[in-house]
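Atoms within each ligand, like the ligands themselves, are counted from 1 in listed order. Residue indices begin at 1 and follow the sequence shown. Heavy atoms only: backbone and side chains are in, while hydrogens, waters and symmetry mates are out.
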Amino acid sequence: MTQSEITGESRQDDPIKETDEIAVISASNDNLGPGFDDEYSARNIKVLEGLEAVRKRPGMYIGGTGSDGLHHLVWEIVDNSIDEVLAKHASTVLVNMHEDGSLSILDDGRGIPTDIHEPTGKPALEIILTVLHSGGKFDKKSYKYSGGLHGVGISVVNALSEWLDVTVWRDGKIFQQSFRRGFTNGEMTITEGATRTGTRIRFKPDSEIFENTEFSYEILSKRLREMAFLNKGVKIVLRQRSTQKCHTFEYVGGISSFVDFLNETKTPIFKDVIAFNKEKDNIEIDVAMSYNDGYAEQFYAFVNNISTTDGGTHVVGFRSALTKVFNKYLKENPDILGKEKAKAGEIKLTTEDTREGLIAVLSIRVPEPQFEGQTKGKLGNPEVRAIVDQAVSDVLYDYFEQNPNTARPLMDKILLSMKARMAAQKARELTRRKTALEGGSLPGKLADCSEKDPAKCELFIVEGNSAGGSAKQGRDRRIQAILPLRGKILNVEKTRLERVLGSETIRDLINAIGTNVGKDDFDINKIRYHKVVIMTDADVDGAHIRTLLLTFFFRYMPEIIQNGYLYAAQPPLFKLKKGKIEKYAFSDEEKDKIIEEDFGGPDKVTMQRYKGLGEMNPEQLWETTMNPESRILKQVKADDETEADRIFSVLMGDKVEPRRDFITQYAKQVKNLDI
Ligand code: 0RA
C-alpha cells in the first residue's frame with residue numbers, strides 16, 4: 001500500500017484538462033463572462049443597503065481584508081457544500097482556482113433553492129445571494145454548531161466580489177444568475193435539461209476591498225485537508241489551473257487518518273492510533289492520539305471544525321485528563337517502576353511529562369461556542385473544561401487497562417520525560433546564577449548594533465569565521481549586528497530542549513535574539529531585532545546549516561517565523577566582469593542573461609563562482625548581500641505548519657524511507673527550500 005492510500009490523499013501530476021470538472025462531478029456548463037447591467041429594481045435597494053454595510057465594514061463579517069479575510073470567502077461557501085455532504089445529499093466538493101484570479105466551488109448537493117420566495121416575489125436563490133443572513137431562513141438548520149465568523153452567509157461573499165456567477169442544477173433544470181459587487185446583473189435564467197443536482201459558485205474577490213486578491217494554494221490545501229479529516233467521508237478536490245496542481249482529500253478514518261498522516265514521518269511508540277468519541281451534555285468530543293519517539297508535541301484542537309490555535313477550556317480539560325490518567329495508571333500499576341516500585345506514591349507526573357512526542361487531534365462540537373482572544377482562536381466556554389476532562393479521563397483509563405501493550409511502553413516514555421525534567425530542574429537550580437540564559441547577557445562573539453529600537457535592528461547569523469569578519473567590517477553598524485557561528489549546529493529535531501541548551505552555539509543565538517526559549521520563558525516582546533537573517537554559503541554545506549537553523553527556529557521559536565521576523569540572505573553565485581564593469585548574478589539564469597544582454601556575449605567576460613561568503617571582501621558582501629538598498633532577503637514563511645513539520649521531520653528525523661521519497665519527489669524544490 002502506498003502512503004497516499006493510507007491517508008486517502010492523492011496528488012495528480014497529469015495536466016488538468018478543461019473537461020476534468022465534468023469528470024469529477026457529472027456535467028456542468030461553463031459560465032459566460034460577466035457583463036454589467038445598470039438596471040435594478042427599486043425593490044432591490046433595501047436589500048442592497050444590507051450588503052453596502054458589508055462593503056463598508058468587511059472586517060465585521062470576515063475578520064479583515066488581508067489574507068485571512070480573503071480566504072474566509074472560500075470557507076463560507078465550502079462550509080455550505082460540506083453541510084450538504086454531512087446531510088448525505090452530496091459526496092464531493094471541487095475547488096478550482098482559475099487563471100483569471102477567480103475561484104469556483106462546485107458540489108453535487110441539493111442545489112440552492114430556486115423557488116419563488118413569496119414576500120418578495122423573487123427566487124430564493126437571489127435572496128440568499130443578496131440579503132444578509134438570509135441563508136438560514138431557508139431551512140438550513142445545519143448551523144446548529146456554528147463558530148465565530150462562520151456562517152455569515154453567501155451574500156457576504158457576493159458583496160465582496162467584483163463579480164459572482166452561480167449555477168444551480170435542481171428539479172431537472174439549470175438555473176443561473178450573475179452579480180456584480182452584490183448587485184444582480186440580470187434576472188435568474190432557467191434552462192431545461194439538468195441531469196444532476198448541485199451548486200456551482202464562481203467569484204472574483206474585489207480588489208477595491210482586499211489588499212491582495214490572490215488565493216494561496218498552500219492556505220487552501222491546508223484547510224481543505226483539515227476539513228476532509230474533520231468531516232469523515234467528505235471528498236474535496238483542489239485544483240489550480242495555472243500550475244496544473246491538484247490534490248484530492250478524502251479520509252475514511254477522519255481524525256485518526258489525520259494522526260496517521262502526521263505519523264508518516266515519525267516512529268510511533270505503539271501501533272494503533274488511540275481514537276474515541278463521546279457525547280455529553282450536547283457536546284461531542286472526538287479524540288485521536290499517538291506517541292512517537294521524538295520530543296516535539298503536535299497538538300491540533302478544533303471547535304466546530306474551527307482551529308483553536310490558542311487553546312481554551314477544551315484543551316485545558318484534555319491536558320488535565322492526560323496527566324490524571326497517567327498518574328492513576330502509575331499508582332495502580334507500580335510494578336512498572338521495577339526495583340523502584342516502592343517510590344510510586346511519591347511520583348507526581350506533570351502535564352509537561354505527558355507532552356513529549358504526543359501527536360493528538362481534539363475535535364469537539366459545542367452548540368454555542370464563545371471564541372476569545374485577539375484572533376478568536378481560544379475557546380472560552382467554562383463548562384467545556386470539566387466535560388472534556390471527564391470524558392477523556394474515563395475512556396482513556398479504560399483503554400489503558402485493556403491495552404497494556406500500549407500503556408506499558410507509553411508509561412516508560414513518560415517516566416523518562418519526567419526523569420529528564422527533574423534532572424534539568426536540578427541542573428538549573430545548581431547553575432542558576434551562572435547560566436547565560438537566565439542572566440541574558442550578550443554573547444562575546446556578537447558584534448551588536450548601536451540602535452536600540454528592535455524594529456530598526458537586524459541580526460545577521462553568519463556561518464564561519466572569515467565571513468563573520470567580512471560581515472563585521474562591511475555592515476552598517478548602526479542597525480546591523482553580526483553573530484558568527486562556529487562549529488557544528490546541533491540537529492534539534494532529535495534532541496530534547498535541555499540538551500539543545502547544552503550547545504554553546506545555540507545559547508549564543510538565543511541570548512543574542514533576546515527572547516529566551518521554552519514554553520514558560522519565551523517572550524516575543526523581548527526580541528532585539530525584527531529582522532533575523534540567516535546568512536550562509538550558497539553551497540550544499542551552507543544549505544545544510546541553513547536547514548539546521550530553520551529547524552531550530554521552527555521547533556523552538558515558531559513565533560519568530562509567524563511574526564515574519566526570520567529571513568534568509570541571498571548571496572550572489574557569480575561575479576562577472578568585463579573591462580571595468582562588474583556585475584553579480586544570483587542564479588544561473590541571471591548569469592546567462594547578464595552575459596547576453598549586458599555584456600553582449602561571453603567574449604572577454606571573466607567569471608568568478610562564489611563558493612563561500614568568505615571569498616567576498618567586506619565591500620562586496622555589503623553591496624551584494626547586506627545593503628538594504630540592493631540586497632535580496634527571503635522571508636521565511638510557514639503558511640502550512642503541518643506541512644512544514646512534515647518537511648522538517650523528513651529532512652532531519654531518522655526515518656530513511658520517507659526522506660528518500662521526499663527527496664526524489666521534491667528534488668527540484670529542495671534546492672531552494674523555503675518552508
Ligand atoms: C439553503 C437551503 C438549502 C441548501 C442551501 C442553501 C445550499 C447552499 C449552498 C452553497 C453551496 N452549496 C450549497 N448547497 C446548498 C436546502 C435545500 C433544500 O432543502 O432542498
Side-chain angles (χ1 to χ4, degrees), residues 21 24-28 31 47 51 61-62 71-97 102-120 122-147 149-161 163-179 182 188 190 194 196-205 220 223-224 227-228 231 233-238 305:
E21 188 165 306
V24 176
I25 308 177
S26 65
S28 140
N31 285 299
V47 163
L51 295 192
Y61 301 87
I62 55 164
H71 290 88
H72 193 99
L73 302 182
V74 185
W75 316 143
E76 196 55 52
I77 297 173
V78 168
D79 280 351
N80 276 279
S81 298
I82 287 185
D83 280 346
E84 289 291 295
V85 183
L86 295 179
K88 304 252 187 300
H89 296 295
S91 69
T92 307
V93 183
L94 172 61
V95 178
N96 220 328
M97 301 166 75
S102 70
L103 183 142
S104 61
I105 295 123
L106 172 69
D107 66 54
D108 53 356
R110 284 168 293 180
I112 300 176
T114 51
D115 48 324
I116 298 299
H117 171 244
E118 268 320 327
T120 55
K122 286 176 173 296
L125 177 67
E126 183 176 324
I127 304 290
I128 288 175
L129 277 144
T130 53
V131 181
L132 206 49
H133 302 299
S134 61
K137 287 187 200 138
F138 290 85
D139 192 34
K140 275 228 115 185
K141 297 199 194 76
S142 47
Y143 291 124
K144 185 173 87 170
Y145 299 119
S146 75
L149 294 162
H150 288 245
V152 290
I154 313 174
S155 61
V156 168
V157 180
N158 194 16
L160 302 176
S161 293
W163 55 261
L164 182 147
D165 291 344
V166 58
T167 306
V168 170
W169 296 265
R170 221 182 138 101
D171 307 325
K173 299 185 182 70
I174 304 165
F175 303 86
Q176 283 182 294
Q177 196 164 15
S178 296
F179 304 84
M188 180 179 83
I190 309 176
R196 51 161 295 181
T197 64
T199 305
R200 181 186 194 254
I201 295 173
R202 178 167 172 172
F203 67 97
K204 188 164 190 320
L220 292 173
R223 178 65 184 147
L224 294 175
M227 292 213 214
N231 300 287
V234 175
K235 178 176 175 183
I236 306 175
V237 183
L238 170 66
N305 284 348

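The shortest non-hydrogen separation linking Pro123 to Ile116 is N-CD1, 3.8 Å.
Contacts of Ile105 with ligand 1, taken as heavy-atom pairs under 4.0 Å, are absent altogether. With a heavy-atom cut-off of 4.0 Å, Ile154 touches ligand 1 through its side chain alone.
For the pair Leu86/Asn231, a side-chain contact is recorded, criterion being any heavy-atom separation below 4.5 Å from C-beta on. Taking 4.5 Å as the limit, some side-chain heavy atom of Ile112 sits within range of a side-chain heavy atom of Ile154.
Listed by number with element, the atoms of ligand 1 under 4.0 angstrom from any heavy atom of Arg170 are 17 (C), 18 (C), 20 (O). Within the listing of ligand 1, atoms 7 (C), 8 (C), 9 (C) sit less than 4.0 angstrom from a heavy atom of Ile112. Close contacts between ligand 1 and Ser81 involve ligand atoms 11 (C), 12 (N) [criterion: under 4.0 Å to a heavy atom]. Near Asn80, meaning under 4.0 Å from one of its heavy atoms, ligand 1 places the atoms 8 (C), 9 (C), 10 (C), 11 (C).
Between Glu84 and ligand 1, a contact under 3.5 Å exists for no N or O pair. Considering backbone and side-chain N/O of Asp107, one or more are found under 3.5 Å from N/O of ligand 1.
Comparing heavy-atom distances from atom 16 (C) of ligand 1 across Arg110, His89, Arg200 singles out Arg110 as nearest.
Thr114 contributes atom OG1, which lies 7.0 Å from atom CG of Leu125 (distance to the nearest 0.5 angstrom).
If you check the side chains of Asn158 and Thr130, you find no donor sitting under 3.5 Å from an acceptor.
Distances from ligand 1 to the non-hydrogen atoms of Gly109 include no value under 4.0 Å.
By the side chain to side chain donor-acceptor pair (under 3.5 Å) test, Ser102 pairs with Asp100, Arg202, sequence neighbours left out. Residues forming a side-chain contact (heavy atoms from CB on, under 4.5 Å) with Val78 (at least two apart in sequence, or on another chain): Val74, Ile82, Val95, Ile105, Leu224, Met227.
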